[in-house]
A.B. asks: 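Supplied in structure tokens, the structure appears directly below.
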Amino acid sequence: MCCAIVYADAARAAKKSVRREGIRLFTDTKLLGSFRKGRDKGIIFQFRNPNQTGAAGEILLALGRIPATAGLGLEDIGVNTEDGRIATNAFMQTNLPHIFAGW
């Protein structure tokens with residue numbers, strides 16, 4: 001649980017930094033499509049229910065990551081996981097004191 005706090009703090013700091021630069025940031029969205037409008041690139045996405053569109057010279061899509069732990073045999077050796085992610089403490093240590101997991 002302590003690592004979730006670290007991630008939340010890092011996300012908050014990143015959002016502030018990006019917004020300070022004048023960049024519009026949308027989180028918890030669903031990408032519905034993309035298009036070109038002249039030299040600009042555009043996207044259609046769902047944000048807080050209604051569909052939104054945005055067009056710019058460049059668009060960054062960071063669509064999240066999913067853990068790739070399937071087939072590692074973590075269950076066989078007793079490493080705890082949460083929704084496919086390896087559960088760690090603040091020191092990136094798993095429930096088995098000699099096994100660490102980083103990102």
Side-chain angles (χ1 to χ4, degrees):
M1 286 302 162
C2 57
C3 296
I5 294 167
V6 172
Y7 299 145
D9 290 346
R12 250 190 313 281
K15 283 181 188 179
K16 279 184 185 178
S17 177
V18 166
R19 288 186 173 136
R20 234 179 288 138
E21 296 293 322
I23 298 170
R24 293 177 67 194
L25 179 67
F26 297 89
T27 58
D28 299 319
T29 62
K30 180 179 180 182
L31 182 63
L32 302 173
S34 63
F35 60 91
R36 289 189 79 81
K37 185 177 183 180
R39 300 184 91 164
D40 286 343
K41 300 166 184 100
I43 56 169
I44 304 163
F45 60 99
Q46 187 175 43
F47 177 68
R48 294 189 182 147
N49 205 16
N51 292 351
Q52 307 276 326
T53 60
E58 297 298 329
I59 296 173
L60 171 67
L61 300 176
L63 299 176
R65 302 178 309 172
I66 56 172
T69 58
L72 294 179
L74 298 173
E75 310 81 28
D76 298 338
I77 62 171
V79 172
N80 290 343
T81 59
E82 298 170 359
D83 296 322
R85 291 173 173 79
I86 300 171
T88 62
N89 63 18
F91 304 103
M92 305 307 288
Q93 185 178 32
T94 68
N95 61 299
L96 302 178
H98 64 288
I99 299 179
F100 293 77
W103 38 273

A.B. asks: Same cluster or not: are L32 and F47 linked, directly or through other Ile, Leu, Val, Met, Phe, Trp or Tyr residues, by side-chain heavy atoms under 4.5 angstrom apart?
C.D. replies: no
A.B. asks: Could you report the tightest heavy-atom contact between G84 and P67, atom names first, then the distance?
C.D. replies: O-CB, 3.3 Å
A.B. asks: Should I59 and F45 be regarded as members of a common hydrophobic cluster, given that ILVMFWY residues are connected when their side-chain heavy atoms come within less than 4.5 Å of each other, either directly or indirectly?
C.D. replies: yes
A.B. asks: Could you give the distance from OG1 (T29) to CD (Q46), rounded to the nearest 0.5 Å?
C.D. replies: 9.0 Å
A.B. asks: Just to verify, what does K15 make a salt bridge (Lys or Arg N to Asp or Glu O under 4.0 Å) with, not counting sequence neighbours?
C.D. replies: none
A.B. asks: Can you get from L72 to L96 by hopping between Ile, Leu, Val, Met, Phe, Trp and Tyr side chains that sit under 4.5 Å apart?
C.D. replies: yes
A.B. asks: For N80 versus N95, what's the shortest heavy-atom pair and its separation?
C.D. replies: N-OD1, 2.8 Å
A.B. asks: Check whether any side-chain heavy atom of K41 lies under 4.5 Å from a side-chain heavy atom of R36, and answer yes or no.
C.D. replies: yes
A.B. asks: Hydrophobic cluster membership, with links at side-chain heavy-atom distances under 4.5 Å among I/L/V/M/F/W/Y: are V18 and F26 in one?
C.D. replies: no
A.B. asks: Is there a path of hydrophobic side-chain contacts, each under 4.5 Å between heavy atoms, that joins I86 and I77?
C.D. replies: yes
A.B. asks: Mind running side-chain contact (heavy atoms from CB on, under 4.5 Å) on T88 and Q93 for me, showing each step along the way?
C.D. replies: CA-CA 5 Å; T88 62; Q93 185 178 32; 5.9 Å; no
